Amino acid sequence: MSHEQVSYLELLARGAPAEAYDRPVLLARAAGAGPEALSGLEQAKQLALRVRAELEGRRRREAELSALFETAHDLSGLRDLDAVLRAIVQRARSLLGTEVAYLSLNDPAAGDTYMRVTEGSVSARFQQLRLGMGEGLGGLVAQTARPYVTDGYLDDERFRHTRAIDSGVRDEGLVAILGVPLMLGSQVIGVLFAADRRARVFEREQVALLASFAAHAAVAIDTANLLAETRNALAELERANAIIRDHSAVIERASGVHDRLTELVLHGGGVQDVAGAVSQVLDGTVEFAEPDAPALAGVEFSGADGHAVRHADDWVVAVSAGGELLGALVLRGHPALDPVDRRTLERAAMVTSLLLLARRSAGEAEQRVRGELLDDLLDSPGRDPRLLRERAARLRADLDAPHVVLAARVDAQAAGGGDRATADRQRLWSAASHLAATRHGLAATRDGGTVLLLPMGPDGSAPELARQAARHLGATLREPVTVGASAPVVAPAGTPGSVAAAYAEARRCVEALRLLGRSGEGAAAPDLGFLGLLLADTGDIGGFVQRTIGPVADYDERRGTDLVRTLDAYFASGMSPARTKDHLHVHVNTVAQRLERIGRLLGADWQSPARALEIQLALRLHAISGAVVR
């Protein structure tokens with residue numbers, strides 16, 4: 001092997017550039033080598049250049065394979081799609097030796113393609129380009145799903161040029177551009193580009209290499225989309241699992257409450273037992289309130305649907321049956337109530353209503369017995385008092401104590417007629433019977449309404465008992481109930497006939513309240529002034545006089561004044577102070593002073609027509625009876 005041939009091996013070994021391979025031939029020619037030697041050297045040079053080209057190709061393919069391997073590795077650990085696409089574009093630019101590389105994606109909604117990643121770009125206008133399908137080289141690639149290459153873009157007539165695209169390419173200074181499609185199956189999702197700012201020819205191997213990077217980019221995008229869909233599916237699944245867990249917890253809680261309430265009912269639990277159980281479940285305090293309880297003042301229940309309503313810081317749910325308000329459950333100390341707890345409270349109210357109805361059903365027989373006993377007192381005054389006492393004792397009633405007879409009516413306008421009126425009367429009797437049982441009294445239906453015989457109590461009075469009954473029955477029925485009361489019956493068992501007379505008086509009071517426009521109230525004869533005196537059969541003239549002008553008469557007795565006579569003369573003189581002073585033979589100032597004193601004793605409205613009429617009647621009764629008013 002000649003020295004010159006060895007020199008070619010040295011050139012190959014150190015990777016010398018192609019132009020260095022001409023030097024051994026030139027040196028041999030300068031040294032006067034013959035034609036045969038020069039021909040051998042030329043053959044050795046060509047062989048060395050082929051070996052060099054093969055080695056360069058191998059190194060290039062090795063670099064390409066390494067880059068593709070690194071890209072595949074990036075895909076295997078895909079976390080950030082933008083980072084993977086940026087790496088692909090950077091490697092494509094590096095391996096193809098271009099000044100710029102970029103990637104665009106199709107926008108199906110807008111019907112065009114837009115820049116997603118750029119590398120080596122310096123123009124903002126270029127980086128923000130959007131290409132319509134078929135516009136420019138990239139639009140044509142996206143439309144035809146085929147690679148396209150140009151060595152002079154602006155002068156290439158194969159592409160549909162637009163002002164926006166050409167301006168962007170011109171700003172970036174691009175001349176040669178290669179574009180390959182990003183494919184998912186048969187669908188083009190974008191384009192991968194390599195470009196130079198000078199004219200150049202892209203070889204077939206470079207087109208294939210860029211297509212390989214485009215395939216990796218398409219896989220990355222598809223993988224990212226699948227991961228996103230998977231994450232969304234997992235998130236939806238987690239939400240669904242959370243809902244299922246919540247529903248399971250709700251069902252378990254509801255089942256536990258149902259089992260507990262059922263056990264209470266089966267073991268004979270009462271209303272307070274239900275309230276206590278619900279208090280533990282809801283972590284608050286649940287109380288049962290009667291229909292007329294102060295806790296229910298101002299509460300507007302949501303009709304007959306049994307829903308809990310907010311009242312101040314409490315939750316209240318009606319306990320009702322058949323439109324009748326039996327009471328309410330009040331939850332305290334739990335201002336924030338979720339739907340499950342609300343439903344628990346509402347279910348407890350329903351169970352409470354069932355317990356109350358069951359208790360009422362059990363007591364209806366007793367109520368009928370109470371009604372029969374009261375009917376006998378009203379209709380058969382000749383009954384044996386001993387038998388009456390025995391029957392009353394079985395009902396825990398004491399007919400030897402003072403009682404008051406009450407007549408109750410549902411307001412006529414509210415009641416309407418027909419089936420509604422019948423239903424209201426039935427509800428009134430039911431509520432009155434319950435009231436009578438709790439007060440150790442009697443109740444019965446009579447004359448389109450209800451009659452009650454209730455013990456008065458040591459500190460009670462007939463008017464107050466009538467007002468209490470009107471409030472209680474009205475709150476229970478949620479309709480106005482008018483109640484009239486009789487004077488006290490000292491011992492109904494000893495004088496059965498007095499019950500019927502007292503009932504007649506109570507009915508007259510009810511009618512008087514209706515005529516006076518006071519439906520829905522409770523009153524006795526003393527509340528009705530002289531009208532009550534006319535309605536009552538007690539002959540309580542002294543009581544009427546005392547209630548009407550007693551303060552004036554008492555003042556005369558204590559001070560030795562003459563106010564009663566002045567009052568009588570004032571009305572006899574037509575309420576004229578001038579004529580009154582002539583009648584009494586006193587100065588008019590004296591009359592004025594006495595009238596002022598009378599006003600302070602009787603109240604500022606003593607000269608109103610209604611009060612004046614009662615005062616004049618009391619003066620006449622006082623004069624006729626000759627009674628000394630105490």
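In what follows, every heavy atom counts, from backbone to side chain, and hydrogens, waters and symmetry copies are set aside. In this text, all values refer to a predicted model and were calculated from it rather than measured experimentally.
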**Q.** Student check: side-chain heavy atoms of I189 and N106 closer than 4.5 Å
**A.** no
Q: Using ring pair (Phe, Tyr, Trp, His ring centres under 6.0 Å) as the criterion, list what pairs up with Y153, not counting sequence neighbours.
A: F159, H161
(Q) So does Q90 get a backbone contact from the side chain of S94, meaning a donor-acceptor N/O pair under 3.5 Å? (A) no
Q) Within a strict 4.5 Å, meaning less than it, do heavy atoms of the R146 and P181 side chains meet? A) no
(Q) With heavy-atom distances below 4.5 Å as the criterion, would you say the side chains of L192 and L182 are in contact? (A) yes
Q) Do Q206 and V149 come close enough that some side-chain heavy atom pair is under 4.5 Å? A) no
Q.
Quick one, V207 with L178, criterion side chain to side chain contact (heavy atoms under 4.5 Å, CB included). Give me CA distance, side-chain angles, the key distance, then yes/no.
A. CA-CA 7 Å; V207 175; L178 166 63; 3.8 Å; yes
Q | Residue pairs passing the side-chain hydrogen bond (donor to acceptor under 3.5 Å, both in side chains) test where at least one lies in residues 175-196, sequence neighbours excluded | A | D196-R200
(Q) Looking at S430 and Q426, would you say the former's side chain and the latter's main chain have a donor-acceptor pair under 3.5 Å? (A) no
Q: Output all residues satisfying side-chain contact (heavy atoms from CB on, under 4.5 Å) with R93, sequence neighbours left out; order by chain, then residue number.
A: T98, A101, E119
**Q.** Sequence-distant partners of A208, side-chain contact (heavy atoms from CB on, under 4.5 Å), two or more places apart
**A.** none
Q: Please report the shortest heavy-atom distance between V180 and P147, naming the atom on each side.
A: CG1-CB, 3.9 Å
Q: Would you give the length of the straight line joining atom OG1 of T150 to atom CG of D155, rounded to the nearest 0.5 angstrom?
A: 8.5 Å
Q: Can you see which heavy atom on R163 is nearest to which on S167, and at what distance?
A: O-OG, 2.7 Å
Q. Got a sec, which residues hit side-chain contact (heavy atoms from CB on, under 4.5 Å) with R204, two or more places apart in sequence or on another chain?
A. none
Q: Flag the pair T118 / V100 as yes when at least one side-chain heavy-atom distance between them is below 4.5 Å, and no otherwise.
A: no
Q: Check F126 against S121 and note the closest heavy-atom contact, atom names and distance.
A: CD2-OG, 3.6 Å
Q: State whether the side chain of E172 and the backbone N or O of V122 hold a donor-acceptor pair below 3.5 Å, judged by distance alone.
A: yes
Q.
Holding to salt bridge (Lys or Arg N to Asp or Glu O under 4.0 Å), I want the full list of residues that pass it with R239, two or more places apart in sequence or in another chain.
A. E236
Q) Do the side chains of V316 and L331 get nearer than 4.5 Å, heavy atoms only? A) no
Q | Any S104 side-chain heavy atom under 4.5 Å of R116 side chain | A | no
Q. CG of L237 to CZ of R231: how many Å apart, nearest 0.5 Å?
A. 15.5 Å
Q | CG on L129 to CE on M115, rounded to 0.5 Å | A | 5.0 Å
Q. Residues in salt bridge (Lys or Arg N to Asp or Glu O under 4.0 Å) with E238, at least two apart?
A. R245
Q. What residues form a side-chain contact (heavy atoms from CB on, under 4.5 Å) with V175, not counting sequence neighbours?
A. A199
Q. Of the non-hydrogen atoms in G520 and A470, which two are nearest, and what is the gap between them?
A. O-CB, 4.2 Å
Q | Inter-residue atom distance T476.OG1 - R427.CZ, 0.5 Å rounding | A | 9.5 Å
Q: Kindly write out the residues that satisfy salt bridge (Lys or Arg N to Asp or Glu O under 4.0 Å) with E157, not counting sequence neighbours, or none if the list is empty.
A: none
Q.
F193: which residues meet the ring pair (Phe, Tyr, Trp, His ring centres under 6.0 Å) condition with it, sequence neighbours left out?
A. Y102
Q) So do the side chains of L96 and L210 get within less than 4.5 Å of each other, counting heavy atoms only? A) yes
Q: With sequence neighbours left out, write down each residue that passes salt bridge (Lys or Arg N to Asp or Glu O under 4.0 Å) with D156, or none if nothing qualifies.
A: R158
Considering only distance and modelled atom types, tabulate donor-acceptor pairs under 3.5 Å from the side chains of residues 130-143, sequence neighbours left out.
unit_1 : atom_1 : unit_2 : atom_2 : d
R130   : NE     : D112   : OD2    : 3.0
R130   : NH2    : D107   : OD2    : 3.0
R130   : NH2    : D112   : OD1    : 3.0
E135   : OE1    : G132   : N      : 3.0

Q. Got a sec: does the CZ of R197 have more than 12 other heavy atoms crowding it under 6.0 Å?
A. yes
